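I have a structure here, written as structure tokens, and I will follow up with some questions on it.
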Amino acid sequence: MPSNIENLLKAIIVGLFCGFLSWFRWWLGAIGVIVFILSVVGIVSLWQEVHMREALLHEQGWNYFGSLVIGSLFILVFTAAGAYMSLCRRKNA
């Protein structure tokens, strides 16, 4: 399993990419929302797997699931910020 730092770095990179897409065209933010939903589904499914949950909590603690949640929120926030900047840019043009 990747470390907390790796989880956050991957989420920031994916979030910046989704933010750029939504900045380019606001409706491309739907891709970022889909990635966010898939990320949340992955976290929930990891939590539902009892043996994996117990192993991760024993090995890395609550921080691991916290980093996954924060990473998912990065994706959503970057996508929303990109879409907002795209709409503002479009309004000013």
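The basis for the numbers below is simple: all heavy atoms, side chains too, and nothing from hydrogens, waters or symmetry mates. In this text, all values refer to a predicted model and were calculated from it rather than measured experimentally.
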* Can you see which heavy atom on N4 is nearest to which on Q60, and at what distance? => OD1-OE1, 3.7 Å

* **Nearest-0.5 Å distance that lies between atom CD1 in I31 and atom CZ in R25** => 13.0 Å

* From L68 CG over to I43 CD1, what is the distance, rounded to the nearest 0.5 angstrom? -> 5.0 Å

* Atom CZ in F78, atom CG in L21: separation rounded to 0.5 Å? -> 14.0 Å

* To do: Decide whether V14 and F36 are clustered together by the hydrophobic rule: side chain heavy atoms of Ile, Leu, Val, Met, Phe, Trp, Tyr closer than 4.5 Å, transitively.
  => yes

* To do: Kindly give the cluster partners of V77, where membership spreads through any ILVMFWY side chain lying under 4.5 Å from a current member.
  => none

* Hey, does the side chain of S39 reach the backbone of V35 with a donor-acceptor pair shorter than 3.5 angstrom? -> no

* Between W47 and F65, what is the ring plane arrangement, given parallel below 30°, perpendicular above 60°, and tilted in between? -> perpendicular

* Asked: Do you know which two heavy atoms are closest between S67 and L8, and how far apart they sit?
  -> O-CD2, 3.5 Å

* What do the steps show when you test L87 against K91 for side chain to side chain contact (heavy atoms under 4.5 Å, CB included), and what is the final call? -> CA-CA 6 Å; L87 288 173; K91 187 184 283 187; over 6 Å; no

* Asked: Going only through I, L, V, M, F, W and Y residues with side-chain contacts under 4.5 Å, is there a path from V33 to V40?
  -> yes

* Using links of under 4.5 Å between side-chain heavy atoms of ILVMFWY residues, direct or through other members, which residues join L38 in one cluster? -> I34

* Nearest 0.5 Å please: distance from the CD1 atom of I13 over to the CD1 atom of I75. => 11.0 Å

* What distance separates I12 CD1 from I70 CD1, expressed to the nearest 0.5 Å? -> 10.0 Å

* Structure fact -> When rounded to the nearest 0.5 Å, the distance separating OG1 of T79 from CG of L16 is 9.5 Å

* Please answer whether the main-chain N or O of C18 pairs with a side-chain N or O of S22 as donor and acceptor at a distance below 3.5 Å. => yes

* Asked: With a 4.5 Å heavy-atom cut-off, do W23 and R89 have their side chains touching?
  -> yes

* May I ask whether V50 and L46 are part of the same hydrophobic cluster, defined by side-chain heavy atoms of I, L, V, M, F, W, Y residues being less than 4.5 angstrom apart, directly or through others? => no

* Linked, directly or transitively: F74 and Y64 (ILVMFWY side chains, under 4.5 Å) -> no

* Asked: Given the rule in the side chain to side chain contact (heavy atoms under 4.5 Å, CB included) test, do M1 and E59 qualify, once you have shown the distances and angles that lead to the verdict?
  -> CA-CA 11 Å; M1 300 299 288; E59 183 180 327; over 6 Å; no

